[in-house]
Novice: 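I'd like to ask you about the structure that follows.
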Amino acid sequence: MCRSMPRLSWAKALLVALALASPVAAASPAETVLSAVNAARAKAGCQPLRLDARLTAAARAHATAMAEQNFFGHAGKDGSRFSSRIKRQGYSYSTAAENIAAGYRSAGQVVSGWLNSAGHRRNMLNCRMTETGIAMVYQADDRPIRGNSAPLRYYWVQVFAAPR
């Protein structure tokens, strides 16, 4: 007798594959996010994203600002937007976007959350994007942000761009 397995969404199937993968050395959260995003992009017919140090610096700066200044949003407390943070790093782009998340404890959880959000998913699967920067900052002594009962502690930023 053959029993059919419950159908998994492709995002859940991707998470299962990530969980079962056994790399020789543990990947960093950024490497795990990149691998998962590139797997999703491959299924959508897009080329893989390449990490860029300047985009990573822009992502890290915003993740650090959110963690240290206790806020969550695309606009920095200094009024900066992702576009200005990218330019500040010396990166000239023709198109760019940013995904942020907070509270997710693992790369698999954050990628799943982004894939299940139409706007974030659109950024991830935009085949015009060719480069990325990814950062996760953990704030152990984080305080709850207004409106939240618990601290977020984990702040994630992924910046996408195509160079000019």
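Predicted, not measured: the structure shown is a model, and the values here were computed from it. Heads up: numbering here begins at 1 and tracks the sequence.
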Novice: Tell me if a side-chain donor or acceptor on Glu31 pairs with a main-chain N or O of Ala27 at a distance below 3.5 Å.
Specialist: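 Answer holds: no.
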Novice: Any side-chain heavy atom of Arg60 sitting closer than 4.5 Å to one from Val157?
Specialist: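 No, their side chains stay 4.5 Å or more apart.
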Novice: Heavy atoms only: give me the nearest Asp142-Ala67 pair and the separation to one decimal.
Specialist: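 Scanning both residues completely, I find the closest heavy atoms to be OD1-O, 3.9 Å.
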Novice: List the atom of Ala135, the atom of Ala59, and the distance in Å for their closest heavy-atom pair.
Specialist: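 Taking Ala135 first and Ala59 second, the nearest heavy atoms are CB-C, 3.7 Å.
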Novice: Per the side chain to side chain contact (heavy atoms under 4.5 Å, CB included) rule, which among Asn99, Ile86, Ile134, Asn126 passes with Phe160?
Specialist: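 Going through the options one by one, the only one that passes is Asn99.
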Novice: Under a 4.5 Å side-chain heavy-atom rule over Ile, Leu, Val, Met, Phe, Trp and Tyr, are Val159 and Phe72 clustered together?
Specialist: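 Yes, one cluster joins them.
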Novice: Over all heavy atoms of both residues, which pair between Tyr155 and Met66 is shortest? Give the atoms and the distance, please.
Specialist: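 Looks like CD2-CB, 3.7 Å.
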Novice: Is Leu34 linked to Val137 within one hydrophobic cluster, defined over Ile, Leu, Val, Met, Phe, Trp and Tyr using a side-chain heavy-atom separation of less than 4.5 Å?
Specialist: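 Cluster IDs for Leu34 and Val137 differ.
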Novice: Does Lys77 use its side chain to pair, donor to acceptor, with the backbone of Phe71 at less than 3.5 Å?
Specialist: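 Not at all, since once roles are kept as given, no pair shorter than 3.5 Å links the two residues.
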Novice: Set out, in order, the CA-CA distance, both residues' side-chain angles and the distance that settles salt bridge (Lys or Arg N to Asp or Glu O under 4.0 Å) for Glu98 and Arg85, then state yes or no.
Specialist: CA-CA 11 Å; Glu98 177 183 72; Arg85 293 188 290 270; 3.0 Å; yes
Novice: side-chain hydrogen bond (donor to acceptor under 3.5 Å, both in side chains), that's the test. Do Tyr91 and Glu131 meet it? Break it down for me.
Specialist: CA-CA 11 Å; Tyr91 189 97; Glu131 298 181 332; 2.5 Å; yes
Novice: Got more than 12 heavy atoms from elsewhere within 6.0 Å of CZ, Arg88?
Specialist: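 It does: Arg88 CZ has more than 12 such atoms within range.
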Novice: Under the side-chain contact (heavy atoms from CB on, under 4.5 Å) criterion, do Gln139 and Asp141 qualify, and how do the steps go?
Specialist: CA-CA 6 Å; Gln139 184 76 10; Asp141 62 347; 2.9 Å; yes
Novice: Could you verify whether a donor N or O on one side chain and an acceptor N or O on the other, from Glu68 and Asn70, lie under 3.5 Å apart?
Specialist: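 No, Asn70 and Glu68 have no side-chain donor paired with an acceptor closer than 3.5 Å.
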Novice: Between Thr132 and Gln158, is any side-chain donor less than 3.5 angstrom from a side-chain acceptor?
Specialist: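 Yes - a donor-acceptor pair under 3.5 Å links their side chains.
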Novice: Suppose we call two aromatic rings close when their centres sit under 6.0 Å apart. Are Tyr154 and Tyr138 close by that rule?
Specialist: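 Yes, they do, as the ring centres are separated by less than 6.0 Å.
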Novice: Please answer: with hydrophobic residues joined when any side-chain heavy atoms are less than 4.5 Å apart, are Val33 and Leu49 in the same cluster?
Specialist: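 Per the 4.5 Å side-chain linkage, Val33 and Leu49 are co-clustered.
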Novice: Compute whether any side-chain donor of one residue and acceptor of the other, for Ser94 and Arg164, lie under 3.5 angstrom apart.
Specialist: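 Distance-only check fails for Ser94 and Arg164.
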Novice: Do the side chains of Phe82 and His62 get nearer than 4.5 Å, heavy atoms only?
Specialist: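 A side-chain contact is absent here, since even the closest heavy-atom pair is not under 4.5 Å.
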Novice: Identify the two heavy atoms, one from Thr130 and one from Ala162, that lie closest to each other, and give their separation to 0.1 Å.
Specialist: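 That would be OG1-CA, 3.8 Å.
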Novice: Please name the pair of heavy atoms, one in Leu115 and one in Arg121, separated by the smallest distance, quoted to 0.1 Å.
Specialist: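 Looks like O-CD, 3.4 Å.
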Novice: From Gln89 CD over to Ser84 OG, what is the distance, rounded to the nearest 0.5 angstrom?
Specialist: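 Nearest 0.5 Å value for the CD-OG distance: 10.5 Å.
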Novice: Are Trp156 and Met129 joined in one hydrophobic group, where the rule is that I, L, V, M, F, W and Y side chains link up if heavy atoms are under 4.5 Å apart?
Specialist: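 Linked, Trp156 and Met129 end up in one cluster.
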Novice: Is any side-chain heavy atom of Tyr104 closer than 4.5 Å to one of Ser112?
Specialist: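 A side-chain contact under 4.5 Å is absent here.
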Novice: Test of understanding: clusters of I, L, V, M, F, W, Y form through side-chain heavy atoms closer than 4.5 Å, transitively. Do Val37 and Met136 belong to the same one?
Specialist: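 Same cluster: Val37 reaches Met136 through Ile, Leu, Val, Met, Phe, Trp or Tyr contacts under 4.5 Å.
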